[in-house]
*Asks:* 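Dropping the structure in here first, questions after.
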Number of protein chains: 2
Amino acid sequence: MVRLRDVAAHAGVSIRTVSNVVNDFQYVAPSTRARVQASIDALGYRPNVAARNLRRGRTGLLALVVPEIDSPYFSDLAARTVRIAEDDGWTVLIDQTDGDAGRERRLLHGERSQLVDGVIFSPWSMSAEELASRQDATPIVLLGEHAGAPPVDHVVIDNVGAAQEAVEHLLAGGRADIAALGVQPALGNETAHQRQLGYRRALSVAGQAWRADREAPVTSLHRAEGHRAMSELLATGDRPDAVFCFSDQLALGALRAVVDAGLRVPEDIALVGFDDIEDGRYSIPTLTTIAPDKDRIAELALQVLRDRLAGDDSPARVLTAPHRLVIRGSS
Amino acid sequence: MVRLRDVAAHAGVSIRTVSNVVNDFQYVAPSTRARVQASIDALGYRPNVAARNLRRGRTGLLALVVPEIDSPYFSDLAARTVRIAEDDGWTVLIDQTDGDAGRERRLLHGERSQLVDGVIFSPWSMSAEELASRQDATPIVLLGEHAGAPPVDHVVIDNVGAAQEAVEHLLAGGRADIAALGVQPALGNETAHQRQLGYRRALSVAGQAWRADREAPVTSLHRAEGHRAMSELLATGDRPDAVFCFSDQLALGALRAVVDAGLRVPEDIALVGFDDIEDGRYSIPTLTTIAPDKDRIAELALQVLRDRLAGDDSPARVLTAPHRLVIRGSS
DNA sequence: ATCGTGGCATGCAACGTTGCAAACTAGGTC
DNA sequence: GACCTAGTTTGCAACGTTGCATGCCACGAT
């Protein structure tokens with residue numbers, strides 16, 4: 001193992017000066033910097049993470065806690081978060097909760113608290129009250145909406161506006177009978193609720209009343225549920241001419257159901273999804289979707305954590321990441 | 001932050017004694033241990049990971065490097081590895097390479113070397129020669145076969161034997177014309193090659209010759225490829241009465257293709273997969289499969305790393321984890 | 001010649017922990 | 001009573017880094 005001390009001896013300077021070079025301290029003479037850098041390269045010096053962490057009082061680790069890592073949306077988001085955090089000098093631990101409240105709780109309280117400097121948390125089961133009552137000093141930032149907005153930083157996108165845009169796009173394409181697929185009345189899922197709100201708002205702006213039988217409920221956001229819910233919509237005989245699905249996975253399931261029923265997308269039924277997952281770019285037809293700016297979500301979350309770690313103790317913030325409507329073959 | 005020093009003052013003992021309690025050192029009087037433990041609980045002491053790592057010369061982190069984390073096999077394996085490693089005091093960083101050689105290389109050389117104590121690596125693109133020429137001191141253990149067995153520890157299962165068992169099970173069920181789905185002649189994939197070998201061996205033992213047109217090639221192990229390859233097998237009209245698929249994902253794709261063709265599983269065509277992924281337990285019909293003992297794979301990998309970190313410098317070992325045939329509805 | 005200033009380099013101490021070895025205690029043996 | 005042993009407790013130093021404060025130098029202004 002090569003230490004600062006070894007580099008210092010090799011370059012003929014003090015340990016402190018090598019440290020200054022490594023940390024890009026501004027007052028280092030160019031000639032000195034070059035000489036030290038040469039020694040660093042020659043010896044293959046790599047900073048000792050443990051010592052640095054101890055001295056700085058940080059571990060350099062962040063936790064990203066998501067319900068499931070094998071869903072395309074979260075794995076995409078996780079990959080981006082890892083990459084962006086890396087550029088920033090952080091290493092990200094990914095934890096999966098399976099939506100289990102006990103596991104969510106354990107990951108937030110204690111357990112990991114000594115290990116990570118901050119937590120990016122996409123809650124599933126935990127209530128706002130419980131999140132609010134957290135005692136831990138480790139800063140945390142939530143991803144996604146939460147009813148009642150607990151006094152914790154969170155990063156969201158404008159789900160109401162995005163849903164409205166999606167439906168207005170369908171209306172603009174001449175669709176007159178648009179269903180929503182993905183409402184979750186049972187679960188208190190705030191994200192689904194906001195997308196439902198946006199859907200109704202678009203209809204209302206267009207002078208249409210919303211109909212309960214045009215809002216298909218689901219119990220999860222998976223493909224199979226999309227298939228099931230769409231099949232039921234089609235089974236009534238009174239079929240819509242467009243469907244706004246609350247996730248791309250649901251939309252891909254729905255797509256299959258439409259095709260199974262012998263109908264065509266988009267000719268007979270137009271589809272719009274939400275999330276912009278990879279699969280939607282390769283489906284037949286390709287999937288129109290709302291694309292949240294996932295890089296921006298990750299950046300904002302990291303920014304909040306950085307600020308909090310720097311001592312910012314202003315009231316909890318709500319940061320909104322942009323999104324855009326990506327029009328493809330299904331609409 | 002509560003330190004050993006604070007606990008020591010609270011309990012009226014030396015710092016060292018508190019450390020002994022925390023580390024379960026054997027020579028601590030029961031009464032002392034109880035008193036110290038009470039202070040630990042009262043103050044809510046948690047060891048400082050950075051300081052411990054610095055002193056011990058370890059980070060307590062392992063990297064698990066896999067081609068893709070959102071494939072069911074790897075996400076299952078990763079989840080188990082994380083859990084088992086945790087019981088052992090390790091924290092696991094999961095890294096995805098997307099099978100990209102450059103990314104594999106970067107993760108193995110330097111980059112992370114200061115950060116993790118060991119690497120569990122499931123290679124995809126990197127050649128045996130390149131793996132062998134690795135200079136890094138960080139111990140590494142490979143998952144899966146590799147042609148030419150590089151001088152690096154690896155954990156495998158008996159793919160030849162497992163494939164043979166799978167095919168013999170089909171033969172025992174009275175199937176006479178068994179295809180293999182998943183050969184990968186183009187990619188130098190050793191795992192696929194061994195399963196192909198096992199398939200042929202079973203046929204040979206039964207006195208059958210293998211036929212090139214009964215070995216369906218694929219370009220990936222994904223569901224879509226299984227669907228495509230199976231559809232082509234069926235399109236010839238000369239269809240087999242059973243198919244051994246090299247992965248459950250392939251098998252599930254194949255299952256759908258069989259159903260799409262109006263045939264029944266297992267009546268018309270029996271299917272056997274490989275990997276024992278979750279989905280295979282809920283498909284209709286449920287999927288017969290070879291179940292590698294994933295917990296054991298993780299345990300063996302961790303065991304090797306532990307040994308290497310303890311200074312074991314014996315020649316590279318090949319450790320074989322057990323597997324079993326799980327008979328379900330599809331055969 | 002003296003002073004002030006800005007650029008640059010450095011020494012010291014400390015972050016919280018554990019390895020090492022020594023010190024102490026009590027109980028038994030010679 | 002001296003000696004030994006096993007059990008129990010402890011002090012010291014060190015892991016490699018960075019914050020702080022200070023020292024040194026050259027140069028231009030006084």
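It should be emphasised that the depicted structure is a prediction, and the values quoted were computed from it without experimental measurement. Here is the naming used below: chain letters follow the sequence lines, and residue numbers restart at 1 for every chain.
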*Asks:* Indicate whether OP1 or OP2 belonging to dG7(C) is found under 4.0 Å from a side-chain N or O atom of Tyr27(A).
*Replies:*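 Answer yes for this pair, as a side-chain N or O of Tyr27(A) is under 4.0 Å from OP1 or OP2.
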*Asks:* I need the CZ-P distance between Phe25(A) and dG19(D), as an integer number of Å.
*Replies:*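 Taking atom P of dG19(D) as the reference, CZ of Phe25(A) is at 10 Å.
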*Asks:* Quick one: Asn20(A) CG to dT22(D) P, roughly how many Å, whole number?
*Replies:*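 Rounding to the nearest Å, CG of Asn20(A) and P of dT22(D) are 17 Å apart.
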*Asks:* Which nucleotide wins on minimum distance to the side chain of Ala29(A), given the candidates dA9(C), dT10(C), dG7(C)?
*Replies:*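 So the side chain of Ala29(A) is nearest to dA9(C).
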*Asks:* Spell out protein contact along nucleotides 17-26 of chain C as letters: B when the base is contacted, S when just the sugar-phosphate is, - when no protein heavy atom is under 4.0 Å; keep the 5' to 3' order.
*Replies:* BBBB------
*Asks:* Among dG7(C), dC15(D), dT10(C), find the nucleotide with the atom closest to the side chain of Ser14(A).
*Replies:*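 Of the candidates, dT10(C) comes closest.
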*Asks:* Could you say whether Leu54(B) or Val28(B) is positioned toward the 5' end of DNA chain D, judged by the nucleotide with the nearest heavy atom to each?
*Replies:*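 Nearer the 5' end of the strand: Val28(B).
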*Asks:* Counting only N and O atoms by type, is there a donor-acceptor contact under 3.5 Å from the side chain of His154(A) to the main-chain atoms of Val152(A)?
*Replies:*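 Side chain of His154(A) to backbone of Val152(A): a pair is present.
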*Asks:* Kindly indicate whether the side chain of Phe74(B), heavy atoms from C-beta on, has any atom under 4.5 Å from the side chain of Gln96(B).
*Replies:*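 Sidechains of Gln96(B) and Phe74(B): no contact.
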*Asks:* Would a distance-only check, ignoring hydrogens and angles, find a side-chain to backbone donor-acceptor pair under 3.5 Å from Asn48(A) to Ala50(A)?
*Replies:*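 Yes; judged by distance alone, with no hydrogens or angles, the pair exists.
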*Asks:* Which atoms form the tightest heavy-atom contact between Pro315(A) and Arg308(A), and what is the distance?
*Replies:*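 The pair with the smallest heavy-atom distance is O-NH2, 3.2 Å.
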*Asks:* Checking Arg35(B) side chain against Ala11(B) main chain: does a donor-acceptor pair fall under 3.5 Å?
*Replies:*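 Yes; judged by distance alone, with no hydrogens or angles, the pair exists.
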*Asks:* For Ala291(A), is there any backbone N or O sitting under 3.5 Å from a side-chain donor or acceptor partner on Asp276(A)?
*Replies:*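 Not a single qualifying donor-acceptor pair exists.
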*Asks:* Has Thr32(B) got a side-chain N or O lying under 4.0 Å from the OP1 or OP2 atom of dT8(D)?
*Replies:*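 No.
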*Asks:* How close or far is atom P of dG16(D) from atom CG of Asp6(A), stated in whole angstroms?
*Replies:*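 It is 9 Å, rounded to the nearest whole Å.
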